[in-house]
Amino acid sequence: MSTCLVTGGAGFLGSHLCDELLRRGHRVICVDNLETGSLANIHHIRQPEFVHLNLDIIEPYFVDEPVDFVYHLASPASPIDYLRLPLHTLKVGSHGTHHTLGLAKKHRARFLIASTSEVYGDPQEHPQRESYWGHVNPIGPRGVYDEAKRYAEALTMAYHRQQGVDTAIMRIFNTYGPRMRPHDGRAIPTFLRQALQDRPITVFGDGSQTRSFCFVSDLIRGMIALAESGFHNPVNIGNPNEFTLLELARAVIEVTGSRSEIVFEALPTDDPQVRQPDIALAREVLGWEPEVALIEGLRRTIDEAGVETLVGAPA
Ligand code: NAD
């Protein structure tokens with residue numbers, strides 16, 4: 001049994017990670033100040049091997065008991081959150097990552113950072129390989145998130161090269177599943193919420209921009225495989241099947257049997273036109289690839305989350 005510390009463990013991905021680590025027999029310390037997460041995501045966990053510490057990792061923090069793995073997920077992650085919390089986003093990516101790397105160093109723990117496909121910005125290489133350096137507007141409104149993650153990756157490599165910390169960098173592409181918040185502004189929870197209420201589905205631009213959607217169970221399997229691999233360079237984890245936003249809206253209508261119509265709204269600033277992971281490296285070093293197709297993942301999201309939760313209270 002290993003002890004795993006999960007920052008952001010009460011969030012969407014973090015809570016699924018806590019569940020899976022516990023299922024595999026590990027002890028889990030969840031560090032989360034509930035800034036964008038919720039106790040509702042972890043209240044079902046009853047095992048004595050689980051503990052939640054309500055700490056803000058922007059401030060220095062320490063854990064006395066030995067830790068074997070550190071999974072660093074804490075950060076606002078949806079555009080609605082990081083546009084509302086720009087300074088917090090920069091601080092959690094910089095100070096929060098610095099403190100968490102220091103903790104991993106002290107415990108000689110393996111450290112994994114949840115980075116993002118947003119480090120590629122509005123990419124000029126398609127699909128994106130890990131060797132691509134990206135195309136990011138540092139001073140645009142989204143820059144707070146993209147640059148925080150780019151800085152966090154640089155800090156992680158510096159701790160690895162200078163301090164010998166055993167680090168991993170996971171570049172996560174769009175992920176969906178139960179426990180996404182209905183009003184977090186991302187395409188799948190928004191479209192599901194609208195479709196389940198037979199309201200118009202709002203597609204940005206003309207809907208021709210593309211995304212690749214990974215179901216959460218696939219993502220978590222890849223995350224644990226990377227943490228347990230000993231690999232140091234960044235690895236893309238995502239589903240390489242690419243869909244336009246219009247295709248996604250139609251898939252959501254099909255799965256929900258909705259009577260919604262599709263309407264078009266202005267494209268947000270610096271919204272990437274294309275996004276698709278090249279996962280050759282993950283296949284090679286982790287033997288990982290996604291298994292859940294979009295339609296099946298949408299069905300599982302509805303079944304596991306329930307219509308009431310997906311519709312949610314008004315924003
Ligand atoms: P989320 O907002 O649901 O979870 C983030 C968690 O971090 C929340 O529980 C929040 O309360 C916590 N947190 C934020 N600031 C904190 C602080 N200062 N101290 C302690 N806890 C803090 O987001 P998510 O979708 O689960 O994303 C998790 C990670 O994965 C993030 O780092 C995100 O950048 C990355 N990621 C997610 C996706 C995705 O599609 N969901 C894609 C790319 C990268």
Side-chain angles (χ1 to χ4, degrees), residues 5-19 29-43 52-61 63 70-100 103 112-120 128 142 144-153 156 169-189 211-216 218-220 222-223 226 234-239 272 275 277 290 297 301:
L5 183 143
V6 180
T7 74
F12 163 49
L13 297 182
S15 61
H16 284 282
L17 175 64
C18 292
D19 284 343
I29 304 170
C30 160
V31 174
D32 198 306
N33 71 344
L34 308 177
E35 180 74 55
T36 57
S38 163
L39 285 179
N41 289 335
I42 51 174
H43 85 272
H52 169 227
L53 306 177
N54 190 333
L55 298 172
D56 182 349
I57 65 161
I58 290 172
E59 304 300 330
Y61 70 104
V63 170
V70 174
Y71 291 87
H72 176 37
L73 277 69
S75 168
S78 78
I80 277 191
D81 290 330
Y82 59 74
L83 296 176
R84 179 176 59 89
L85 301 163
L87 289 174
H88 178 94
T89 303
L90 285 163
K91 285 183 192 168
V92 80
S94 52
H95 306 319
T97 302
H98 179 54
H99 297 144
T100 307
L103 189 143
L112 177 145
I113 179 153
S115 185
T116 169
S117 58
E118 300 289 336
V119 299
Y120 301 125
Q128 294 79 54
R142 299 172 72 108
V144 295
Y145 181 65
D146 306 359
E147 295 295 4
K149 291 289 185 179
R150 288 166 69 95
Y151 176 86
E153 287 197 10
T156 300
I169 298 174
M170 175 174 182
R171 291 193 180 144
I172 302 173
F173 284 66
N174 287 347
T175 303
Y176 70 100
R179 301 187 201 152
M180 294 193 85
R181 283 172 295 146
H183 292 278
D184 88 351
R186 288 184 269 199
I188 288 189
R211 296 290 184 274
S212 308
F213 302 100
C214 187
F215 189 65
V216 64
D218 281 334
L219 194 283
I220 297 300
M223 186 180 285
L226 178 56
V235 180
N236 290 338
I237 299 283
N239 191 320
R275 191 49 71 65
T301 303

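Keep in mind it's a predicted model, so treat the numbers as computed, not measured. Numbering of ligands and ligand atoms starts at 1, following listing order. All heavy atoms count here, side chains included; hydrogens, waters and symmetry mates do not.
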Using side chain to side chain donor-acceptor pair (under 3.5 Å), reason through Asp81 and Ser78 one step at a time and then give a plain yes or no. CA-CA 5 Å; Asp81 290 330; Ser78 78; 3.2 Å; yes

Salt-bridge criterion met for Glu118 and Lys149 (N-O under 4.0 Å):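 So Glu118 does not pair with Lys149 through a salt bridge.
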
Residues Arg150 and Glu147 bridged, charged N to O under 4.0 Å: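 Glu147 and Arg150: salt-bridged.
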
Starting at CG of Asn236, measure out to OG of Ser115 and round the result to the nearest 0.5 Å.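 Reported value, rounded in 0.5 Å steps: 9.5 Å.
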
Classify the ring geometry between Phe173 and Tyr120 as parallel (under 30°), tilted (30 to 60°) or perpendicular (over 60°).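 The rings of Phe173 and Tyr120 sit tilted, inter-plane angle from 30° to 60°.
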
If only atom types and distance count, is the side chain of Thr7 paired as donor or acceptor with the main-chain N or O of Leu73 below 3.5 Å?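 At least one qualifying donor-acceptor pair exists.
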
Using a threshold of 4.0 angstrom between heavy atoms of the protein and any atom of ligand 1, which residues qualify?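 Within 4.0 Å of ligand 1, the protein residues are Gly8, Ala10, Gly11, Phe12, Leu13, Asp32, Asn33, Leu34, Glu35, Thr36, Gly37, Leu55, Asp56, Ile57, Ile58, Leu73, Ala74, Ser75, Ala77, His88, Val92, Ala114, Ser115, Thr116, Tyr145, Lys149, Ile172, Asn174, Thr175, Arg186.
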
